[in-house]
Number of protein chains: 4
Amino acid sequence: MIYNDKQLQIIGTAERLFANKGFDGTSVRDIADEAGVNIAMISYYFGSKEKLMEALFSKRSSDINLQVETLLHNEEIAPLQKMESLVDSYIDKVMQKQQFFKIMICEQVINKNPVIISLIHDLKKKNTEAINKLIKDGQQKGAFKKNIDVLLLINTLIGSITQMMLTSDYYKEYNGLQDIPEDQFFEQVKEKMSKHVKFLFKALLTYEV
Amino acid sequence: MIYNDKQLQIIGTAERLFANKGFDGTSVRDIADEAGVNIAMISYYFGSKEKLMEALFSKRSSDINLQVETLLHNEEIAPLQKMESLVDSYIDKVMQKQQFFKIMICEQVINKNPVIISLIHDLKKKNTEAINKLIKDGQQKGAFKKNIDVLLLINTLIGSITQMMLTSDYYKEYNGLQDIPEDQFFEQVKEKMSKHVKFLFKALLTYEV
Amino acid sequence: MIYNDKQLQIIGTAERLFANKGFDGTSVRDIADEAGVNIAMISYYFGSKEKLMEALFSKRSSDINLQVETLLHNEEIAPLQKMESLVDSYIDKVMQKQQFFKIMICEQVINKNPVIISLIHDLKKKNTEAINKLIKDGQQKGAFKKNIDVLLLINTLIGSITQMMLTSDYYKEYNGLQDIPEDQFFEQVKEKMSKHVKFLFKALLTYEV
Amino acid sequence: MIYNDKQLQIIGTAERLFANKGFDGTSVRDIADEAGVNIAMISYYFGSKEKLMEALFSKRSSDINLQVETLLHNEEIAPLQKMESLVDSYIDKVMQKQQFFKIMICEQVINKNPVIISLIHDLKKKNTEAINKLIKDGQQKGAFKKNIDVLLLINTLIGSITQMMLTSDYYKEYNGLQDIPEDQFFEQVKEKMSKHVKFLFKALLTYEV
DNA sequence: AATGAATGAGAGTTCATTCAT
DNA sequence: TATGAATGAACTCTCATTCAT
């Protein structure tokens with residue numbers, strides 16, 4: 001699906017508003033006003049508010065295809081390093097696309113729109129498969145232990161990152177970082193999260209119970 | 001604050017609907033209908049839809065005071081065991097009060113109502129302090145390593161559990177558990193999560209990098 | 001009709017609120033709250049909000065029976081002086097019972113409640129008759145001219161006073177009296193109005209065209 | 001501000017209903033129904049019921065700019081005649097726009113909406129200034145006495161006319177005019193009022209006390 | 001292709017009143 | 001006698017969507 005400039009502008013505005021006010025808390029008037037387009041354009045271009053959400057979701061989902069392929073076939077990189085590289089990739093993705101992930105979280109909770117549910121399901125499936133390949137690869141090479149529950153691994157990965165995202169205000173306050181610039185804070189958090197999750201992954205992938 | 005039966009019924013219904021359809025996706029008419037009360041009762045008892053949310057949040061928050069005190073002062077229990085006991089307690093809490101936690105997640109994303117924000121903040125503060133005590137205690141006794149980031153620890157704890165909650169449908173499908181009874185599934189998940197998080201905690205608390 | 005203390009309190013509060021916010025702009029809850037009584041008491045004591053208005057109107061109307069009788073039969077007082085005395089009496093009445101007159105003005109405009117309309121009608125009739133007597137008396141004694149239109153006379157009397165009441169804020173500002181105490185302002189206005197209306201009455205009653 | 005036909009229709013209907021039932025006694029449904037438009041149109045066109053009132057008030061206010069200018073600069077007309085011409089102009093205005101004046105009276109009593117208050121204030125200011133010019137002119141030419149209180153003059157003018165408006169039913173009954181056609185009654189009242197107020201003005205402007 | 005005008009449906013809230021106690 | 005609890009009805013306003021142009 002290819003969108004013109006106005007459609008992309010609408011999608012971008014909708015993403016921001018859905019992320020900050022929720023789907024039901026955002027009116028098409030809000031979106032139209034902030035996007036600087038006529039109200040009727042949303043229905044005209046996307047059919048309905050709901051279909052706009054689906055378009056936005058579909059678009060952003062397709063942007064999040066992990067570049068796991070190159071990693072997988074590069075035999076020179078050690079399995080754990082591959083996985084660590086993947087972890088950084090995830091952290092980057094979530095931090096860069098916070099708004100989309102916020103929307104995704106709420107949609108998972110509310111669980112109403114079957115199209116969205118299906119898209120999320122596909123996303124999860126791809127993630128699971130990609131990481132499963134890495135795990136299998138590592139296990140074959142003897143770098144990873146047996147009996148790794150990939151879903152628990154992913155849960156901890158995604159859960160830790162999104163939880164940080166949800167509690168960043170509290171994190172800032174607790175660490176006295178209220179006044180540092182946002183981008184600087186981002187870098188700091190990413191650094192911390194990276195070390196933290198890599199440590200967890202190393203444990204989950206290599207330490208025997 | 002003490003509520004009568006009808007108020008509790010309204011709160012309970014509101015909790016379920018807010019969790020499943022979101023705050024803005026739930027109308028007071030929905031709540032009134034499902035609770036079997038007159039629509040005017042919501043304003044009559046709580047003042048407004050927003051204040052009903054606050055009442056519900058306030059009530060459930062006060063219910064989630066962790067019984068960490070008894071753990072803390074029992075000198076016979078080893079620090080790691082104390083922490084593991086706490087982990088189980090958290091998992092129980094979240095699994096039992098899934099609806100409330102779903103609401104809390106969305107409220108953190110949307111971040112609109114200052115009263116709710118404040119209540120969530122308080123909840124986090126209490127959690128942080130309680131776990132910090134346990135960590136300090138364990139460090140003094142030499143059971144835990146130095147340089148433990150308590151917020152990252154909690155993020156991983158809460159994040160892993162809530163992520164499991166959000167993805168339980170996918171988890172079921174992936175593990176072919178679609179057809180087992182809900183309570184049985186719960187037990188299985190709790191068991192898994194317990195082992196998983198305890199393993200993570202042991203690593204975070206005791207393994208040097 | 002005799003009212004107990006609580007009923008009188010309700011009537012007093014209702015009068016103030018009806019005067020300041022209008023009948024339809026005042027809720028029975030407002031009245032009950034400000035009067036410090038239970039909401040149900042208004043219906044209980046008066047039957048309805050409308051009947052409360054009628055009770056209030058009826059009560060205040062009966063309070064406004066002019067003491068014209070003594071004037072009429074005092075043969076020692078000259079007709080013009082009698083009339084001037086009556087003018088002062090009216091000015092006093094209106095200024096003292098401003099709230100009631102405000103209500104009466106609005107009720108005349110809205111013209112909805114037949115009971116109120118009837119009470120206002122009676123009030124006007126009594127006024128007309130009383131002043132007519134004075135006029136006839138003055139004419140018989142040769143003090144007043146013939147062909148006096150009593151209704152125009154009364155209109156100018158009442159109209160001038162109530163108009164002053166309605167525009168007192170503007171009058172204050174125009175004359176730089178914003179900061180003087182309210183009672184002092186009242187006295188000043190009454191003095192001015194008295195002279196002004198007496199002058200008009202003298203003209204209307206004695207000057208030939 | 002320019003309004004289209006539907007907006008003017010709404011304003012016209014609102015004026016009639018506000019005048020007859022008061023602002024709070026008129027629902028937007030009433031207005032929409034009687035104007036034959038969809039209920040949502042009121043908010044759509046004017047923003048809110050309150051803003052509709054302001055629009056109506058603003059529109060009618062701007063219509064009431066007295067044509068005093070031509071009078072002022074015509075040196076051939078004697079001051080008293082100028083003033084009498086102005087009196088007739090006022091009487092015409094109020095009688096023609098009775099509904100608006102009824103609304104204005106109630107708004108002055110209730111005194112709630114600051115926009116309306118401000119518009120009324122402006123109207124009064126313009127009136128005062130216009131009449132003040134005429135008075136000064138007449139005084140310079142020796143036609144009017146000194147020490148004329150312009151506000152009392154206006155109060156009596158406006159007060160007498162509006163009072164007549166409020167009591168026209170009683171006036172009809174008293175004079176046995178219940179059955180004559182409305183327009184004929186209007187003419188009769190205007191004629192009477194004109195003579196009456198001109199007489200008052202002549203006294204106020206020329207007779208020494 | 002694009003949009004201003006318009007609308008039925010439904011939102012949250014307040015209303016005057018009733019009723020069991 | 002007096003009232004807290006409760007309610008159906010009505011309130012104003014916003015909603016997503018449609019339609020003629």
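Letters A, B, ... mirror the listed sequences (proteins, then strands); counts begin at 1.
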Name the orientation class of the two ring planes belonging to His121(A) and Tyr170(B) (parallel below 30°, tilted from 30 to 60°, perpendicular beyond 60°). perpendicular

So how far is it from [X] [atom1] to [Y] [atom2], rounded to the nearest 0.5 Å?
X         : Y        : atom1 : atom2 : result
Ile116(A) : Ser58(A) : CD1   : OG    : 8.5 Å
Phe101(A) : Ile64(A) : CZ    : CD1   : 4.0 Å
Ile42(C)  : Ser48(C) : CD1   : OG    : 11.0 Å

note: Phe46(C), atom CZ; dT3(F), atom P; distance rounded to Å ~ 14 Å

Figure out the CD1/P separation between Ile10(D) and dC13(F), and round it to whole Å. 13 Å

Verdict with supporting geometry, Leu56(B) and Ile103(B), side chain to side chain contact (heavy atoms under 4.5 Å, CB included): CA-CA 10 Å; Leu56(B) 138 64; Ile103(B) 296 173; 4.1 Å; yes

Hey, what are the protein-to-nucleotides 1-5 of chain E N/O distances that come in under 3.5 Å?
residue, atom, partner, partner atom, Å
dA2(E), OP2, Tyr45(A), OH, 2.9
dT3(E), O3', Asn38(A), ND2, 3.2
dG4(E), OP2, Asn38(A), ND2, 2.1

I want to check something: taking the side chain as every heavy atom from C-beta on, are Gln108(D) and Lys124(D) in contact at a cut-off of under 4.5 Å? yes

Report yes if some heavy atom in the side chain of Val28(D) is under 4.5 Å from a heavy atom in the side chain of Leu52(D); otherwise report no. no

What residues from residues 47-58 of chain C pass a heavy-atom cutoff of under 4.0 Å to DNA chain F? none

DNA chain F-proximal residues of residues 12-35 of chain D, any heavy atom under 4.0 Å: Thr26(D), Ser27(D), Val28(D), Arg29(D)

Residue set satisfying salt bridge (Lys or Arg N to Asp or Glu O under 4.0 Å) with Lys112(A), at least two apart, ordered chain then number -> Asp24(A)

In what stems does DNA chain F take part, counting only runs of at least 3 consecutive Watson-Crick or G-U pairs whose two distances fall under 3.5 Å? E:2-21 with F:2-21

Please confirm whether Phe100(D) and Phe57(D) have ring centers closer than 6.0 angstrom. yes

Can the positive tip of Lys49(A) be found less than 6.0 Å from the middle of the six-membered ring of Phe23(A), inside 45° of the ring normal? yes

Could you list the donor-acceptor pairs under 3.5 angstrom formed between side-chain atoms of residues 14-21 of chain D and any protein atom two or more places apart in sequence or on another chain?
residue, atom, partner, partner atom, Å
Glu15(D), OE1, Arg60(D), NE, 3.1
Glu15(D), OE1, Arg60(D), NH2, 2.8
Glu15(D), OE2, Arg60(D), NE, 2.9
Arg16(D), NH1, Glu34(D), OE1, 3.0
Arg16(D), NH2, Glu34(D), OE1, 3.0
Asn20(D), ND2, Arg16(D), O, 3.1
Lys21(D), NZ, Asp30(D), OD2, 3.1

How about Glu107(B) and Asn113(B): does a side-chain donor come under 3.5 Å of a side-chain acceptor? no

